[in-house]
Each structure stands twice: as structure tokens, then as C-alpha cells.
There are 2 protein chains.
Amino acid sequence: MAEPPGLRARKKEATRLALHEAALRLAAEQGADRLHVEAIADAANVSRRTFSNYFSSKEEALFYDDAVRLRRMLELVRDRPADEAPWTVLSRAAEQLTAEGLDEPDPAWLARRRQLRAHPGLLAHQVAAYSTIERDLATELAPRLTGADVELRSRILAATFLSTLRVATQHWIENPRGSLLGAVRAGLRLAASNGTPGSWVRAVAGSS
Amino acid sequence: MAEPPGLRARKKEATRLALHEAALRLAAEQGADRLHVEAIADAANVSRRTFSNYFSSKEEALFYDDAVRLRRMLELVRDRPADEAPWTVLSRAAEQLTAEGLDEPDPAWLARRRQLRAHPGLLAHQVAAYSTIERDLATELAPRLTGADVELRSRILAATFLSTLRVATQHWIENPRGSLLGAVRAGLRLAASNGTPGSWVRAVAGSS
DNA sequence: AAGAAAGATTGCGCATTGAGCAAGTTTATT
DNA sequence: AATAAACTTGCTCAATGCGCAATCTTTCTT
């Protein structure tokens with residue numbers, strides 16, 4: 001089933017990563033607006049054309065790591081028991097994902113990501129990356145719901161969860177007190193009680 | 001304070017709208033992928049260059065109406081009393097916005113919007129339009145919160161609320177049973193109780 | 001191990017597009 | 001009516017996404 005990736009696949013992943021990292025580095029060094037596809041390709045020792053074979057735009061290259069994380073999260077969701085409550089499924093998946101080696105990321109990566117935040121036009125591309133799996137996540141969630149309006153409810157669950165994950169992560173990047181895992185947990189707890197004003201304080205207090 | 005817009009401003013708004021509508025119509029007619037800036041400009045009787053003066057891409061033109069709605073919603077949020085509970089502020093603003101003449105939209109518009117849904121790449125641009133005001137909404141919300149973690153909480157509130165609004169609206173477009181207002185109300189109620197499994201059924205039942 | 005088949009990289013060319021600039025046109029001001 | 005301010009347009013260019021065909025690499029077959 002899970003055959004070890006051959007040399008071909010490994011090489012591909014390597015250049016993909018190289019392109020992603022080159023993009024991130026150059027964007028942080030020279031500013032996101034002076035980032036050109038040609039430069040990224042050069043930095044990764046491939047041709048401009050090859051870049052296009054991997055990514056359809058420099059922004060996609062920039063947020064490739066988010067895409068990977070999100071695809072991985074979808075897998076984790078799939079692996080949760082079918083009878084678990086939906087929000088629990090999502091929370092646990094998010095926690096596993098965060099725990100999986102990305103809890104204490106490389107400081108250089110952190111700094112670069114913080115640089116990127118400055119450029120407001122990039123936010124749009126990041127949310128785009130998230131929106132890519134929104135539907136997949138919803139269809140994964142739907143069979144776990146019972147009652148009326150399953151479709152609407154699954155889509156709202158997926159969308160709000162992903163938004164929360166994105167915002168909590170971003171907030172932690174800009175403002176890293178404590179662990180990322182803690183930030184994600186706090187965010188999810190907050191989102192879980194969006195509509196109940198009294199519980200906010202309690203929810204936050206409970207996170208410490 | 002609010003001077004009536006002169007001829008100049010009215011003309012500008014007119015061409016902006018013309019461009020938006022031309023884009024929407026052409027996208028629905030010929031498919032979103034065969035949509036070219038030149039064609040949009042022609043259909044609106046302006047030059048290609050002028051199109052660029054109004055919109056920075058065809059997708060921005062396509063989702064101009066969302067942008068307008070969202071800016072309007074920000075105003076409505078600003079006008080809510082300062083002591084209202086945050087989620088109530090958002091719900092009321094959304095309801096007002098929906099009630100403001102867009103509750104029973106033009107069937108042609110609806111059909112076109114439904115066509116657009118087919119093209120998956122466009123979702124990214126729609127969420128981009130929503131993300132544009134995410135920060136503004138958060139900074140508007142922040143002063144209405146008390147306690148700890150005001151920044152994180154306001155950002156999560158803004159993000160989840162906007163996601164919900166987007167998904168509920170989109171769901172209603174694809175699936176218009178009842179009024180849009182009803183769909184938005186239901187969506188917000190659902191989002192308000194994301195984490196509490198037992199309350200889902202009650203929340204939905206309460207919407208009928 | 002040799003050769004065929006499948007897959008990846010590259011260069012070339014073209015269509016689309018976003019934007020700066022300057023000249024011409026329309027609206028606002030006085 | 002004259003002047004100023006704002007808008008439109010055509011021209012031009014750099015950047016980009018992608019189809020195509022040639023070449024090189026990995027994998028599969030026998």
C-alpha cells in the first residue's frame with residue numbers, strides 16, 4: 001500500500017521544497033513585491049519553466065508549507081474515530097498536527113513568516129490556500145453529523161475551524177508567547193464558544 | 001458631512017458597476033476561464049486601460065458586489081451600540097445588511113452566481129475579498145471586548161463570523177429554500193454553538 | 001544488463017495582463 | 001469663460017502562465 005517513494009519521487013519533493021524555501025527566503029530578504037519567479041527558480045537551480053511545473057504562481061510556492069500542513073490535517077481528521085463529536089475531531093486533529101514536530105519551529109522560518117505578514121496582499125493568498133481544502137474537510141465532516149441541514153452545518157464547521165486555525169497560528173507567529181500548541185488550543189476553545197459572551201472569560205482563563 | 005455625489009462621482013460608480021456586471025455576465029455566459037479583461041472592457045464601453053484603473057484584476061471585478069456588501073457591513077457594525085455583546089453586534093449587522101434590499105435578489109444575478117460556483121479557482125478570489133476586511137472588522141470589534149487576549153479574540157470573532165456569512169450566503173445561492181435572511185440567521189446560530197454538539201439540533205430546529 | 005517506456009526538465013514562443021507615462025477629454029471651481 | 005482637477009485612453013514594457021517539442025533521467029521489462 002504505502003510503498004517507499006523511489007528516487008524519482010524524492011527528487012521531486014526535494015526541488016519542490018527547494019523552490020518553496022527559496023521563495024520564502026527571497027521574499028523575506030528582498031521584500032515580497034520584488035520577488036520574481038525567475039529569481040526563485042535560479043535560487044533553486046531550476047529553470048523558470050520548471051518552476052511553473054511545480055507551482056502555478058510564486059504565492060502558491062510561498063504558502064506551500066501551509067498546503068502541506070492542511071492536507072496532513074485532512075488525513076488526521078479521516079483517521080479519527082467515526083463516532084467522535086465533530087468539533088472534538090477537529091480539535092484533536094489540530095492538536096496532533098501541531099504536535100507533529102512543528103510545535104517549536106525553526107526561528108529563521110518564524111522570522112521570515114513574520115516578515116511576510118507585513119505585506120497585506122499576501123493574506124489573500126494565504127486564505128486561498130486554506131480555502132482549497134475547505135470543501136474536502138466539509139465532505140469529510142458531513143457523514144459525522146446527524147439531524148437536519150447536514151450540508152450547511154458541515155460547511156460552516158469546516159470554514160470556521162479553518163479560519164480559527166489560521167488566525168490562531170498567525171497570531172502566535174506575530175506574538176509567540178507560550179507554545180504554538182497552546183495558542184491553537186486557546187483559539188479553538190474561543191471559537192467553540194463564539195456566541196456565548198459570558199463564557200469568554202472562563203474559556204480564556206481555563207487555558208492557563 | 002455627506003454631500004450628494006456630483007456627476008463625476010456618479011459616473012465613476014456607474015462605470016464601476018458596468019464593469020462588474022459585464023464581468024459577471026460574460027463569466028456566466030462564456031465560462032469563467034474564457035473571461036478576458038479586454039472583453040469586459042469592451043462590454044462596458046471603456047478601454048482595457050480604464051478597466052485597470054478600476055479593478056486590479058478580473059476577479060476583483062467579479063466580486064465587487066461582495067466587497068461593497070462587506071464594506072457596508074463594517075459600517076453597520078460601527079453603528080451598533082458600544083455596549084452590545086460582540087456576537088450580537090455581528091448578528092444584527094448581518095441581518096440589517098441582508099434586509100437592506102438584497103433579501104430577494106434578482107434571479108438573473110442568482111443564476112450567474114450559481115454558474116460561478118462551478119469554477120473552483122474562483123473560490124480563492126472570493127475568500128480573498130472577504131479577507132480584505134477581516135482586519136478592519138477585528139479592530140472594530142476589539143474595543144468591544146474586555147478581559148484577556150482581546151486581540152486574538154477579536155480576530156477569531158471577525159474571521160469566524162465572516163466565514164459563516166460567506167458560507168451561509170453561498171449555500172443559500174446554491175440552494176435557495178426560504179429567504180436569504182433565514183439562511184444567514186441559521187448559519188450564525190449554528191456558528192455560535194460550534195463546540196456544543198447537543199445544541200446543534202436545537203439551534204437548527206429553532207430556526208424554522 | 002540492454003533497451004524500451006514513462007516521466008521530468010528545459011528552451012522557445014505567444015497571449016494575457018498590470019502598470020507607468022503623457023496627451024487628450026471631461027467635470028468642477030471661481 | 002477660464003483655469004484647475006480628475007478621468008480616459010493609447011502606447012509601451014516587464015512579468016507571467018502555459019502549450020509544444022526536444023532532450024535527459026528514472027523506472028520497468030525481458
Side-chain angles (χ1 to χ4, degrees), chain A residues 2-24 26-27 29-64 67 119-122 124-125 128-129 132, chain B residues 2-20 22-24 26-27 30-64 67 119-122 124-125 128-129 132:
Chain A
E3 327 203 342
L7 191 136
R8 180 168 244 149
R10 269 180 289 131
K11 262 190 156 179
K12 258 197 116 171
E13 232 0 74
T15 51
R16 204 184 296 272
L17 239 186
L19 284 168
H20 161 66
E21 278 168 359
L24 199 54
L26 291 175
E29 280 176 13
Q30 321 197 346
D33 31 354
R34 259 164 299 190
L35 183 63
H36 294 330
V37 170
E38 176 124 33
I40 302 174
D42 283 355
N45 296 311
V46 264
S47 69
R48 184 175 77 82
R49 188 63 185 81
T50 297
F51 175 92
S52 287
N53 290 339
Y54 284 90
F55 298 108
S56 68
S57 71
K58 44 194 175 204
E59 291 85 6
E60 194 181 319
L62 239 348
F63 292 109
Y64 171 62
H119 209 285
L122 288 183
H125 293 280
T132 297
Chain B
E3 325 206 341
L7 181 104
R8 180 168 244 147
R10 269 179 291 132
K11 262 189 153 179
K12 259 196 114 171
E13 232 0 73
T15 49
R16 202 183 297 271
L17 239 185
L19 284 168
H20 162 66
L24 200 53
L26 291 174
Q30 320 197 344
D33 30 354
R34 260 165 298 192
L35 182 63
H36 293 331
V37 170
E38 177 126 33
I40 303 174
D42 284 354
N45 296 310
V46 278
S47 69
R48 184 175 78 83
R49 188 62 185 80
T50 297
F51 175 92
S52 285
N53 290 338
Y54 284 90
F55 297 108
S56 69
S57 71
K58 43 193 177 205
E59 291 84 8
E60 193 181 319
L62 238 356
F63 292 109
Y64 172 62
H119 210 286
L122 288 182
H125 293 279
T132 298

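So that the names make sense, note that chain A is the first sequence line, chain B the second, and so on, each numbered from 1. Computed from heavy atoms alone, side chains included, the values below leave out hydrogens, waters and symmetry copies.
- Atom-to-atom distance recorded for L19(B):CG and E60(B):CD is 11.5 Å, nearest 0.5 angstrom.
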At a cut-off of 3.5 Å, list every protein nitrogen or oxygen paired with a nitrogen or oxygen from nucleotides 20-23 of chain C, distance to 0.1 Å.
from	atom 1	to	atom 2	distance (Å)
dG20(C)	N7	R49(B)	NH2	2.9
dG20(C)	O6	R49(B)	NE	2.6

I would like to know whether T15(B) and T50(B) meet side-chain contact (heavy atoms from CB on, under 4.5 Å); could you show each step before the answer? CA-CA 10 Å; T15(B) 49; T50(B) 297; over 6 Å; no
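- Annotation: the span from I40(A) atom CD1 to K58(A) atom NZ amounts to 7.0 Å, rounded to 0.5 Å.
- Each end of the helix from dA1(C)-dT30(D) to dT30(C)-dA1(D) yields a helix axis from five base pairs, and these two axes differ in direction by 30° (to the nearest 10 degrees).
- Side-chain N/O atoms of T50(A) include one lying less than 4.0 angstrom from OP1 or OP2 on dT10(C).
- A salt bridge (charged side-chain N to carboxylate O under 4.0 Å, His left out) check over residues 7-19 of chain A, counting only residues at least two apart or in different chains, returns the pairs E13(A)-R16(A).
- Closest of all the heavy-atom pairs between A43(A) and A22(A) is CB-CB, 3.8 Å.
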Hey, what are the protein-to-nucleotides 1-3 of chain C N/O distances that come in under 3.5 Å?
none

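- Residue whose closest nucleotide on DNA chain C sits further toward the 5' end, between F51(A) and R48(B): F51(A).
- Contacts between residues 52-63 of chain A and DNA chain D, counted as heavy-atom distances below 4.0 Å, involve S56(A), S57(A), K58(A).
- Distance CZ/R48(B) to NE2/H36(B): 12.0 Å, rounded to 0.5 Å.
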Could you walk me through whether L35(A) and L62(A) pass side-chain contact (heavy atoms from CB on, under 4.5 Å), step by step? CA-CA 10 Å; L35(A) 183 63; L62(A) 239 348; 3.5 Å; yes
Readout for nucleotides 24-30 of chain D: B = base within 4.0 Å of protein heavy atom, S = sugar-phosphate only, - = neither; 5' to 3' it is -BBS---
